[in-house]
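Heads up: numbering here begins at 1 and tracks the sequence.
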Amino acid sequence: MTDISVTKEQQKLLYRLQHIIPRSLGTSSFYNNKHEIVVPQTSDAPEDVEFQMTWGKVAARIWGPPDGRPVFAIHGWLDNAGTFDALIPLLPKDLRIIAVEMPGHGLSDHFPPDIAYNYLDCFLAIERFASYLKWTKFSFLCHSLGATMSMIYASVFPEKVDKLISIDIVRLETTRPETIDVRFRKTVGKLLKYEAEIIAGPEKPFSYEEAIEKCIGGTFGSLDRKACDILFKR
């Protein structure tokens, strides 16, 4: 790829970001007085931290000054905080962004084997973090599953959320009351099956290259090699 094409790709990315992320999220702007696209300076390296929970630790990455505007960044299903590694350096520098890795994702500990991963358990983790950090009002920058959880949170605690940016979203699945017993019966069977597989022992490990290939194929090509390398670091 030539330098010219790289510049065009950067301009396209910044143009999309300007439409996705409200300018009022920070005091900085992607545009100068002549309305020319300005490439932001690269931010300092993030700080890796751990939060202790009753069942284990939760990992997170923190960008920005301690007194910056508080933002929770939450990744999608089977992803991790690396989701935001290439995006956050492009954002205003006056934001205090904490990219949290949900239980069982990235470097965070797994739940005990008999506890399933669902919206409500991860939703509770957000409230724990908000209380731990003493954040009374904050914004969300989320992807996929994280976007769904943040929308649920904002609907329950609207006074705590001032802005919510969703990059793609997993929709909530609704269930008719007359069929909930059938669906729940099927879910119980699946959970017991997965539990038995976990107890039986780990699957045969993949090589790094096999994992890359499966990740690209499993996402139907929406992730490329570079994206996989970023996510696989965690």
Side-chain angles (χ1 to χ4, degrees), residues 1-21 25 30 37-50 58-64 71-93 95 97-110 117 119 122 125-126 139-151 164-171 203-234:
M1 185 178 289
T2 65
D3 291 340
I4 295 177
S5 61
V6 170
T7 301
K8 289 182 177 179
E9 288 301 317
Q10 290 175 339
Q11 290 178 339
K12 288 179 181 178
L13 174 61
L14 290 173
Y15 178 81
R16 292 169 185 157
L17 288 173
Q18 201 278 332
H19 285 76
I20 293 172
I21 301 172
L25 187 59
F30 288 119
I37 295 176
V38 178
V39 178
Q41 296 295 318
T42 302
S43 65
D44 294 335
E47 177 188 0
D48 287 312
V49 297
E50 294 179 353
V58 165
R61 310 201 84 187
I62 302 179
W63 283 263
V71 179
F72 273 129
I74 305 178
H75 57 79
W77 185 247
L78 299 181
D79 287 340
N80 55 59
T83 295
F84 304 101
D85 279 1
L87 172 61
I88 291 178
L90 299 173
L91 302 183
K93 302 301 181 288
L95 303 177
I97 303 178
I98 298 186
V100 180
E101 291 182 323
M102 288 292 106
H105 292 73
L107 302 181
S108 292
D109 287 338
H110 289 265
Y117 296 86
Y119 291 109
C122 293
I126 297 173
S139 300
F140 279 114
L141 171 62
C142 302
H143 170 243
S144 194
L145 178 70
T148 300
M149 288 191 293
S150 65
M151 286 188 176
L164 193 159
I165 301 105
S166 169
I167 306 174
D168 196 6
I169 189 170
V170 175
R171 67 179 177 85
E203 297 179 7
K204 179 182 177 182
F206 295 117
S207 69
Y208 189 84
E209 291 302 322
E210 288 174 325
I212 290 285
E213 184 178 335
K214 286 182 176 292
C215 187
I216 294 175
T219 61
F220 301 100
S222 65
L223 292 178
D224 57 15
R225 172 68 186 240
K226 182 178 179 180
C228 291
D229 285 335
I230 292 174
L231 289 173
F232 284 10
K233 289 178 182 178
R234 299 181 72 83

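With hydrogens and angles ignored, the 3.5 Å screen pairs no side-chain donor or acceptor of Asp168 with any backbone N or O of Ser144.
Screening residues 140-151 for salt bridge (Lys or Arg N to Asp or Glu O under 4.0 Å) gives no qualifying pairs among residues at least two apart or on separate chains. Among pairs with a residue in residues 225-234, those fulfilling side-chain hydrogen bond (donor to acceptor under 3.5 Å, both in side chains) read Asp48-Arg234, Glu101-Arg234, Tyr208-Asp229, Glu209-Arg225, Arg225-Asp229, at least two apart in sequence or across chains.
Pro46 meets the side chain to side chain contact (heavy atoms under 4.5 Å, CB included) test with Arg61, Trp63; sequence neighbours excluded. Among residues two or more places apart in sequence or in another chain, the side chain to side chain donor-acceptor pair (under 3.5 Å) test is passed with Ser207 by Glu210. Residues forming a salt bridge (charged side-chain N to carboxylate O under 4.0 Å, His left out) with Asp79 (at least two apart in sequence, or on another chain): none. Scored by the ring pair (Phe, Tyr, Trp, His ring centres under 6.0 Å) test, Tyr117 finds Phe111 as partners (sequence neighbours excluded). Partners of Met151 according to the side chain to side chain contact (heavy atoms under 4.5 Å, CB included) rule, which considers only residues two or more places apart in sequence or in another chain, are Leu164, Ser166, Ile169. Remark: Phe84 engages no residue in a ring pair (Phe, Tyr, Trp, His ring centres under 6.0 Å) (not counting sequence neighbours). In this structure His75 satisfies the ring pair (Phe, Tyr, Trp, His ring centres under 6.0 Å) test together with His105, sequence neighbours excluded. Under the side chain to side chain contact (heavy atoms under 4.5 Å, CB included) criterion, Ile216 pairs with Ile212, Cys228, not counting sequence neighbours.
Residues Cys215 and Leu223 come closest through the heavy atom pair SG-CD1, 3.7 Å. Looking at every heavy atom in both residues, Pro103 comes nearest to Ser108 through CA-CB, 4.3 Å.
Two residues are said to be in side-chain contact when any heavy atoms from C-beta on lie closer than 4.5 Å; Thr83 and Ile167 fail this criterion. Using a 4.5 Å cut-off on side-chain heavy atoms (C-beta onward), Val71 and Ile165 make no contact. Taking 4.5 Å as the limit, every side-chain heavy atom of Leu95 sits out of range of all side-chain heavy atoms of Leu141. Contact annotation: the side chain of Leu107 never approaches that of Asn80 to less than 4.5 Å [non-hydrogen atoms, C-beta and beyond].
Considering CD1 of Ile97 and CD1 of Ile88, their distance stands at 4.5 Å, rounded to 0.5 Å.
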